[in-house]
Amino acid sequence: MATHVKLVVLAAGLVLGALSVAIVRDAPEGSLAGPATTGSVVLAAVGCALVACGIAAWSRRPSSRFGLLLALAGCAWFAVELNNPGAGSPLVFTFGLLTAAACPAVVAHAALSNPEGRAPRCALAPAYAGTLLALGLLPALAFDPAAQGCAECPDNLLNVTSSPSLVETASRAGVVLGLVWAPLLATLAIVRLARSSSAARRLTAPVLLPFAAYLGLVTVDYAHAAGRGFLSN
């Protein structure tokens, strides 16, 4: 059963990776990676590395959530490109609207679960609320592409009303939450590392230090978005 789940996660990562790169190459003006080939290479390399390392860690420590979460973080890494107006498919576009901001939260969950621990739910709740709810579900419910000036966008399958004000309010709330949870979880990782024994530090430092640096960059991204109220490239 576990092997089947690993194969499903691996296949999902490969499919999402291929989709995201294809969308970037077809519609670079609406992408994060941009028109340069280097951007597409980095996009594919990082996501595939996360999925591969996650599957490997999962195989070594089946009892730990770390490997599964790391592989899912790789899948989420690709989602940032799926809400591109050039996505072509309503299903892909809608999935992108819902999950485009989710990667940092999943990375946080994975890093703070390493190697056998449980990530603190009270610390992760704002991360998931900000990325999946405030920056994902709520704006998606209120975003009607045709009514809100995106003639090139595919249909949004989650749309139930057209409310630009709700989209803006939810997005601003997600950005504000990001300025709280991202530095908080980065600090938590550093504190956990500092309080660890020497043996535990050698095991966790290769995960927690890059994680803290990544969340530092995520915080900068949220700070850049604070004035405009939405995440962008």
Side-chain angles (χ1 to χ4, degrees), residues 8-9 11-35 39-40 43-44 47 51 72-107 109 125-179 181-182 218 221-222 224-233:
V8 168
V9 174
L14 293 175
V15 169
L16 288 171
L19 273 174
S20 65
V21 171
I23 290 169
V24 169
R25 304 314 297 165
D26 189 55
E29 66 281 355
S31 72
L32 178 69
S40 297
L43 172 70
V51 173
L72 292 176
C75 295
W77 171 267
F78 292 123
V80 72
E81 298 291 2
L82 303 184
N83 62 351
N84 190 317
S89 162
L91 181 61
V92 171
F93 181 69
T94 302
F95 183 74
L97 291 175
L98 183 63
T99 61
C103 184
V106 185
V107 170
H109 198 165
Y128 281 117
T131 57
L132 287 178
L133 185 61
L135 290 170
L137 180 60
L138 291 179
L141 292 174
F143 176 53
D144 182 343
Q148 294 177 37
C150 188
E152 301 83 8
C153 289
D155 290 337
N156 171 15
L157 301 179
L158 287 174
N159 172 237
V160 295
T161 186
S162 178
S163 177
S165 61
L166 177 56
V167 173
E168 181 180 359
T169 300
S171 297
R172 284 190 180 277
V175 170
V176 171
L177 270 174
L179 287 171
W181 68 258
V218 170
D221 194 23
Y222 279 119
H224 175 255
R228 60 188 72 188
F230 58 89
L231 293 174
S232 73
N233 59 355

Closest approach of L82 to L19 (non-hydrogen atoms, all atoms of both residues): CD2-CB, 4.3 Å
pair F95-S89: side-chain heavy atoms closer than 4.5 Å: no
Kindly give the heavy-atom pair with the smallest separation between V21 and A44, and that separation in Å. CG2-CB, 4.0 Å
Less than 4.5 Å apart, any side-chain heavy atom of L97 and any of N156? yes
Over all heavy atoms of both residues, which pair between G86 and D26 is shortest? Give the atoms and the distance, please. O-OD2, 4.2 Å
Does any N or O in the side chain of R172 come within less than 3.5 Å of the main-chain N or O of V167, such that one atom is a donor and the other an acceptor? no
Does any part of the side chain of Y128, heavy atoms only, come nearer than 4.5 Å to the side chain of V106, both counted from C-beta? yes
A quick test of your reading: do over 12 heavy atoms of other residues, nucleotides or ligands sit less than 6.0 Å from CH2 of W77? no
Over 60° means perpendicular and under 30° means parallel, so tell me whether F93 and F143 are parallel, tilted or perpendicular. tilted
Residue pair F230 / L135, side-chain heavy-atom distance below 4.5 Å: no
Might you point out which heavy atoms bring A173 and A134 nearest each other, and give the distance in Å? C-CB, 4.3 Å
Side-chain heavy atoms of L133 within contact of L138, under 4.5 Å: yes
For the atom pair CG (L132) and OG1 (T99), what is the distance rounded to the nearest 0.5 Å? 8.0 Å
If we ignore hydrogens and angles and just use 3.5 Å, is the side chain of T169 paired with the main-chain N or O of L166 as donor and acceptor? no
Tell me whether T131 contacts the main-chain N or O of A105 through its side chain, where contact means a donor paired with an acceptor under 3.5 Å. no
How close do V51 and C75 get, counting heavy atoms only, and between which atoms? CG2-N, 4.0 Å
Does N84 reach the main-chain N or O of A27 with its side chain, forming a donor-acceptor pair under 3.5 Å? yes
Min side-chain heavy-atom separation D155-P145 under 4.5 Å: no
State, with a plain yes or no, whether a side-chain heavy atom of I23 is found less than 4.5 Å away from one of V92. yes
Are the side chain of S20 and the backbone of G17 linked by a donor-acceptor contact shorter than 3.5 Å? yes
For E81 and L32, indicate whether the former's side chain and the latter's backbone hold a donor-acceptor pair under 3.5 Å. yes
Mind listing the closest non-hydrogen atom pair of N83 and G96 along with its distance? CB-C, 3.6 Å
Stepwise side-chain contact (heavy atoms from CB on, under 4.5 Å) test for T161 and D144: CA-CA 7 Å; T161 186; D144 182 343; over 6 Å; no
Reported CG-to-SG distance for the pair L72 and C103, which is rounded to 0.5 angstrom: 10.5 Å
